[in-house]
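Here is the structure we will look at.
Residue numbers run from 1 in the order of the sequence given. Below, each value reflects all heavy atoms present in this structure, side chains not excepted, and no hydrogens, waters or symmetry copies.
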Amino acid sequence: MAKVIIIGVGGVGTVVAHKCARHPEIFNEIVLASRTEAKCEALARAIGKPNISTDRVDADNVDEIVALFKRHNPDLVINVALPYQDLAIMEACLVCGVNYLDTANYEPKDVAHFEYSWQWAFRERFEQAGLTAILGCGFDPGVSGVFTAYAAKHWFSEMEYLDIVDCNAGNHGKAFATNFNPEINIREITQNGRYWQDGEWVVTKPLEFHRSLTYPNIGPRESYLLYHEELESLVKNYPTIKRARFWMTFGQEYLTHLRVIQDIGMARIDEVDYNGNKIVPLQFLKAVLPNPQDLGENYTGETSIGCRISGKGKDGKPLTYYIYNNCSHHDAYLETGMQAVSYTTGVPAMCGAMMFLTGKWNKPGVHNVEEFDPDPFMAAIAENGLPWHEIVNEDLEL
């Protein structure tokens, strides 16, 4: 039994809180914290469990996070705030002796760029403190890395080609909306793409390469190559991989809106002067777009996310392997009030916290999820709403 603090009560944080509350035998005390405590209080009331309390914190401010930790003395912080805030929370963990878990790697506010180097730089300090930091424990990154580790453990002697495929075949009925924080989402997909090929990174223009891929129970969807952070750690931890890519589906209406947003300057992340006030266009756009937390009620369809891997099997023969999860937006909403994109990120975060608190993923230092035993985590996500499926020796289309 342990105490956790969940920082962030957006769509993902809401799912994490609901799921942690269903396991009081592990999460016997839960603290919800964000910049606006009223949001935490509303979520606590909605869940209705006596072991949930709330607090306020500015997660950009190390001193405020330290004070939060000292008030509550948690065993683990589950960071589902903004990626800008990862380093501040990690610094506070070191001050207070708190273990750490997040779902997305750090990126600076002033540059649309993300990589693990900033967080990997904490490795020695966490080791010396005897603290564990688990990085990227959502779905992608997160489950995608664990799927890869599971494939390496049980199926492959050498993995050679890895393609992570992410399809949202849902319909929320809005002209344009993002499924998670609009600022982070638009920054991610408007920057250059990258993929790993024969020991080096190949840079592409934004959404330059695309092709139709067939997703289980969904059918063909146009899929676009972009960079995603788990590629960085996976090619490091599995050096036999010759090529690693990430693909995500986008509809034409979405891409048209995105192109207009860029063309008129609303995707800019630098400050502009507006009537004597400094504003960031993308942050203003975020304020007027639909809140991802409010999309769930009328969301139909499902997501399909998985790994398509080829290489040499345990017997040395050629092997293709596809492992994936499909998640219904409607079912996710009925359970947690959130759509499937939040659900597929929040469930793995809770399961990763469960792995740490039950001693299955406890290794001082800073680690990506594929560095731990995949088996108990795979069992946990299947038991908590994300069942997974395998297809062996069929065409991967890639």
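The two atoms that bring G313 and S157 nearest to each other are O-OG, 2.8 Å, heavy atoms only. In terms of heavy atoms, V341 sits closest to T345 at O-OG1, 3.1 Å. When every heavy atom of C137 is checked against every heavy atom of G352, the shortest pair comes out as SG-CA, 3.7 Å. A59 approaches A88 most closely through the heavy-atom pair O-CB, 3.6 Å. What you find for S34 and T36 is that their closest heavy atoms are OG-O, 2.9 Å. Across all non-hydrogen atoms, the minimal contact from C327 to L386 is SG-CD2, 4.2 Å.
Side-chain atoms of S342 do not come within 3.5 Å of backbone N or O of M338 as any donor-acceptor pair. Side-chain atoms of K360 never come within 3.5 Å of backbone atoms of D373 as a donor-acceptor pair (strictly under, hydrogens ignored). No donor-acceptor distance shorter than 3.5 angstrom exists from the side chain of S310 to the backbone of T320, with no hydrogens or angles considered. Remark: side-chain polar atoms of N51 are paired, donor with acceptor, to backbone N or O of N28 under 3.5 angstrom. At distances below 3.5 Å, not a single donor-acceptor pair connects side-chain atoms of K312 with backbone N or O atoms of K317. At distances below 3.5 Å, at least one donor-acceptor pair connects side-chain atoms of T249 with backbone N or O atoms of N168. A donor-acceptor distance shorter than 3.5 angstrom exists from the side chain of N325 to the backbone of P387, with no hydrogens or angles considered. Within the 3.5 Å criterion, the main-chain N or O of A2 finds no donor-acceptor partner in the side chain of D75. Judged purely by atom type and a 3.5 angstrom limit, N79 has no side-chain atom pairing as donor or acceptor with the backbone of L101.
H228 pairs with exactly one of F246, Y195, W196 by the ring-ring contact (aromatic ring centres under 6.0 Å, His included) rule, that one being F246.
Proximity of I391 to E394: side-chain heavy atoms (C-beta onward) are separated by under 4.5 Å at one or more points. Within the 4.5 Å cutoff, the side chain of H23 has heavy atoms near those of the N384 side chain. With contacts defined as side-chain heavy-atom distances shorter than 4.5 Å, the pair V12/T14 does not qualify. In this structure, S304 and I218 have side chains that are in contact, with non-hydrogen atoms separated by less than 4.5 Å. A heavy-atom distance below 4.5 Å is found between the side chains of E335 and Y343. V369 has its side chain within reach of I134: a pair of non-hydrogen atoms, C-beta onward, lies under 4.5 Å apart. I305 places none of its side-chain heavy atoms less than 4.5 Å from the side chain of V143.
The cationic group of R221 does not satisfy the cation-pi geometry with Y215, failing either the under 6.0 Å distance to the six-membered ring centre or the 45° limit from the ring axis.
Distance CG/N277 to CD/E271: 10.5 Å, rounded to 0.5 Å.
Checked for salt-bridge contact, R245 and D163 meet the test: a charged N lies under 4.0 Å from a carboxylate O. Using a cutoff of 4.0 Å between basic side-chain nitrogens and carboxylate oxygens, K363 and E127 are not scored as salt-bridged. Look at R308 and E397 and you find a salt bridge, because one of the NZ, NE, NH1 or NH2 atoms lies within 4.0 Å of a carboxylate O, short of that distance. Using a cutoff of 4.0 Å between basic side-chain nitrogens and carboxylate oxygens, D55 and R71 are scored as salt-bridged. Under the 4.0 Å criterion applied to side-chain N and carboxylate O atoms, E200 and R194 are not assigned as salt-bridge partners. Using a cut-off of 4.0 Å between Lys/Arg side-chain N and Asp/Glu carboxylate O, R56 and E64 are scored as salt-bridged. Ion pairing between a basic and an acidic side chain is recognised when a charged N comes within 4.0 Å of a carboxylate O; K3 and E29 show such pairing.
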Under 3.5 Å, which donor-acceptor pairs link side chains of residues 39-47 to any protein atom two or more places apart or in another chain?
none

Residue pair I164, W247: steps toward the side-chain contact (heavy atoms from CB on, under 4.5 Å) verdict: CA-CA 6 Å; I164 299 168; W247 304 83; over 6 Å; no

L357/N362 under side-chain contact (heavy atoms from CB on, under 4.5 Å): CA gap, chis, key distance, verdict: CA-CA 8 Å; L357 295 172; N362 192 329; over 6 Å; no

Verdict with reasoning, Y227 to W201, per ring-ring contact (aromatic ring centres under 6.0 Å, His included): CA-CA 10 Å; Y227 178 68; W201 293 105; 5.7 Å; yes

Verdict with reasoning, M350 to F27, per side-chain contact (heavy atoms from CB on, under 4.5 Å): CA-CA 10 Å; M350 182 281 291; F27 305 96; 3.9 Å; yes

Test side-chain hydrogen bond (donor to acceptor under 3.5 Å, both in side chains) applied to E390 and W155, step by step: CA-CA 11 Å; E390 300 167 291; W155 289 93; 3.1 Å; yes

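The hydrophobic cluster containing I89, built from Ile/Leu/Val/Met/Phe/Trp/Tyr side-chain heavy atoms closer than 4.5 Å, also comprises I5, I7, V31, V57, I65, L68, F69, V77, L87, M90, L94, V98, Y100, Y106, Y116, W118, W120, F122, F126, L131, L135, V366. Cluster partners of V66, using a side-chain heavy-atom cutoff of under 4.5 Å among ILVMFWY residues and allowing indirect links, are V62, V95.
Taking the six-membered ring for Trp and thresholds of 30 and 60 degrees, W361 and F377 have nearly parallel ring planes, at less than 30 degrees apart.
By the 6.0 Å contact criterion, NZ on K49 is open, its count of non-hydrogen atoms from other residues, nucleotides or ligands being 12 or less. A 6.0 Å sphere centred on CD of E124 holds no more than 12 heavy atoms belonging to other residues, nucleotides or ligands.
For F372 and H367, the gap between ring centers is short of 6.0 Å.
For the side-chain hydrogen bond (donor to acceptor under 3.5 Å, both in side chains) test, no residue two or more places apart in sequence or in another chain qualifies with T336. P374 meets the side-chain contact (heavy atoms from CB on, under 4.5 Å) test with V146, A149, Y150, K153, M378; sequence neighbours excluded. Residues passing the side-chain hydrogen bond (donor to acceptor under 3.5 Å, both in side chains) test with T240, sequence neighbours excluded: none.
Under the 3.5 Å distance criterion, with hydrogens and angles disregarded, a donor-acceptor pair is assigned to the side chains of E370 and S233. Remark: the Q339 side chain and the H329 side chain contain no N/O donor-acceptor pair separated by less than 3.5 Å. Checking N326 against H389 by side-chain atom types alone, no donor-acceptor pair falls below 3.5 Å. Counted by atom type alone, E230 and N105 present zero donor-acceptor pairs between their side chains at under 3.5 Å. Between the side chains of N237 and N368, no donor-acceptor pair of N or O atoms lies under 3.5 Å. Checked by atom type, the side-chain pair E302/N217 shows a donor-acceptor distance below 3.5 Å.
With hydrophobic clusters built from ILVMFWY side chains whose heavy atoms lie under 4.5 angstrom apart, M248 shares a cluster with I261. Cluster annotation: L398 is not connected to V235 through the hydrophobic network of ILVMFWY side chains, with a link wherever side-chain heavy atoms come within less than 4.5 Å.
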